[in-house]
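All remarks here apply to the structure that follows.
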Amino acid sequence: MDIYDISLRSEGWFVARMQILYQHGDDEEKVIEIGGDLLMGQYREAGLRKLSIPEGSKLKLRARVIAGKDNTVDHGFTFRSKSNTMAQYQLNGTTFHNSFDLHRPRL
């Protein structure tokens with residue numbers, strides 16, 4: 001699915017950092033950290049159009065959980081700046097038992 005952005009709402013009992021993993025063509029996968037600490041109840045949008053991610057790159061969302069188990073979504077998206085779809089995720093759980101919920105992509 002083509003998207004122009006990714007958002008994350010934290011509902012977990014931990015501190016996390018939002019990361020975007022992207023790969024363009026045969027290049028190595030790269031990581032961009034979005035903002036600082038994300039606490040329970042906070043919401044963040046990645047702002048992919050403002051980052052140096054090449055058009056057509058494959059994207060995944062990762063939550064880097066401080067002093068806990070990191071989590072990466074198990075499916076990816078394609079970055080298209082002209083898309084009208086945003087992938088919206090919620091991160092739930094505890095430090096070592098956390099999970100993502102993909103809410104219906106927003107058009």
Side-chain angles (χ1 to χ4, degrees):
M1 176 182 284
D2 294 347
I3 61 167
Y4 75 91
D5 211 353
I6 296 176
S7 69
L8 179 61
R9 175 173 304 284
S10 178
E11 294 298 336
W13 291 91
F14 46 79
V15 177
R17 300 258 170 99
M18 180 181 184
Q19 296 182 330
I20 303 298
L21 287 66
Y22 74 93
Q23 185 173 13
H24 186 70
D26 293 331
D27 293 345
E28 261 186 48
E29 186 174 74
K30 297 179 181 167
V31 178
I32 298 175
E33 191 160 298
I34 308 297
D37 292 348
L38 192 61
L39 307 174
M40 185 170 157
Q42 292 183 324
Y43 171 85
R44 185 163 298 144
E45 291 181 8
L48 298 176
R49 290 177 175 156
K50 296 178 184 173
L51 302 174
S52 58
I53 297 175
E55 188 79 15
S57 293
K58 302 299 181 194
L59 306 168
K60 285 189 176 183
L61 174 64
R62 175 192 292 157
R64 192 166 64 88
V65 178
I66 308 304
K69 177 184 148 282
D70 295 348
N71 200 335
T72 304
V73 298
D74 53 358
H75 59 277
F77 297 96
T78 302
F79 173 64
R80 299 282 181 212
S81 61
K82 300 210 184 289
S83 172
N84 62 353
T85 303
M86 174 190 285
Q88 297 177 307
Y89 284 93
Q90 182 169 306
L91 184 59
N92 304 296
T94 61
T95 308
F96 291 101
H97 296 85
N98 56 68
S99 62
F100 284 109
D101 290 326
L102 174 62
H103 292 254
R104 200 175 92 205
R106 185 175 79 194
L107 301 176

Evaluate the criterion side-chain contact (heavy atoms from CB on, under 4.5 Å) for residue pair T78 and K58; output intermediate values, then yes/no. CA-CA 5 Å; T78 302; K58 302 299 181 194; 2.9 Å; yes
Out of curiosity, L61 CG to H75 NE2, how far, rounded to the nearest 0.5 Å? 9.5 Å
Which atom pair, heavy atoms only, marks the closest approach of G76 to K60? CA-CG, 4.0 Å
Output, in order, the C-alpha distance, side-chain angles, deciding distance and verdict of side-chain contact (heavy atoms from CB on, under 4.5 Å) for Q42 and S10. CA-CA 6 Å; Q42 292 183 324; S10 178; 5.5 Å; no
Check whether V73 and M1 end up in the same hydrophobic cluster, where Ile, Leu, Val, Met, Phe, Trp and Tyr are linked by side-chain heavy atoms less than 4.5 Å apart. yes
Are I66 and L38 grouped together when hydrophobic residues (ILVMFWY) are joined by side-chain heavy atoms under 4.5 angstrom apart? no
Any sub-3.5 Å donor-acceptor pair from R9's side-chain atoms to Q90's backbone N or O? no
Search all heavy atoms of E11 against all heavy atoms of G41 and return the closest pair with its distance. OE2-CA, 3.9 Å
When rounded to the nearest 0.5 angstrom, what is the spacing between CG in L48 and OG in S57? 10.0 Å
Contacts table for residues 25-36: side-chain donor-acceptor under 3.5 angstrom, sequence neighbours left out:
unit_1 : atom_1 : unit_2 : atom_2 : d
E33    : OE1    : Q19    : NE2    : 3.2
E33    : OE1    : R64    : NH2    : 3.4
E33    : OE2    : R17    : NH1    : 3.3

Smallest heavy-atom separation, G47 atom then D5 atom, equals N-OD1, 2.9 Å
Say whether K69 and T95, considering side chains only, have a donor N or O and an acceptor N or O under 3.5 Å apart. no
Count I, L, V, M, F, W, Y as connected when their side-chain heavy atoms are under 4.5 Å apart, and connections chain through other members. Are L8 and V15 then in the same cluster? no
Verify same cluster id: F77, L21 (apolar side-chain graph, 4.5 Å): no
State yes or no: do L102 and I6 share one hydrophobic cluster built from I, L, V, M, F, W and Y residues joined by side-chain heavy-atom distances below 4.5 Å, directly or via other members? yes
If I compare all heavy atoms of A67 with all of F96, which pair ends up nearest, and what's the gap? O-CZ, 3.5 Å
Least distance between heavy atoms, H24 atom then G56 atom: ND1-C, 4.2 Å
Among residues at least two apart in sequence or on other chains, which ones pass ring-ring contact (aromatic ring centres under 6.0 Å, His included) with F100? Y89
Please report the interatomic distance OG(S83) to CZ(R49), rounded to the nearest 0.5 Å. 7.5 Å
How about Y22 and P54: do any of their side-chain heavy atoms sit closer than 4.5 Å? yes
Any N98 side-chain heavy atom under 4.5 Å of N92 side chain: no
Heavy-atom closest pair (L91 atom, A16 atom, distance to 0.1 Å) is CD2-CB, 4.1 Å
Side chains of M86 and Y4 in contact at under 4.5 Å (non-hydrogen atoms): yes
Starting at CD1 of I3, measure out to OG1 of T85 and round the result to the nearest 0.5 Å. 8.5 Å
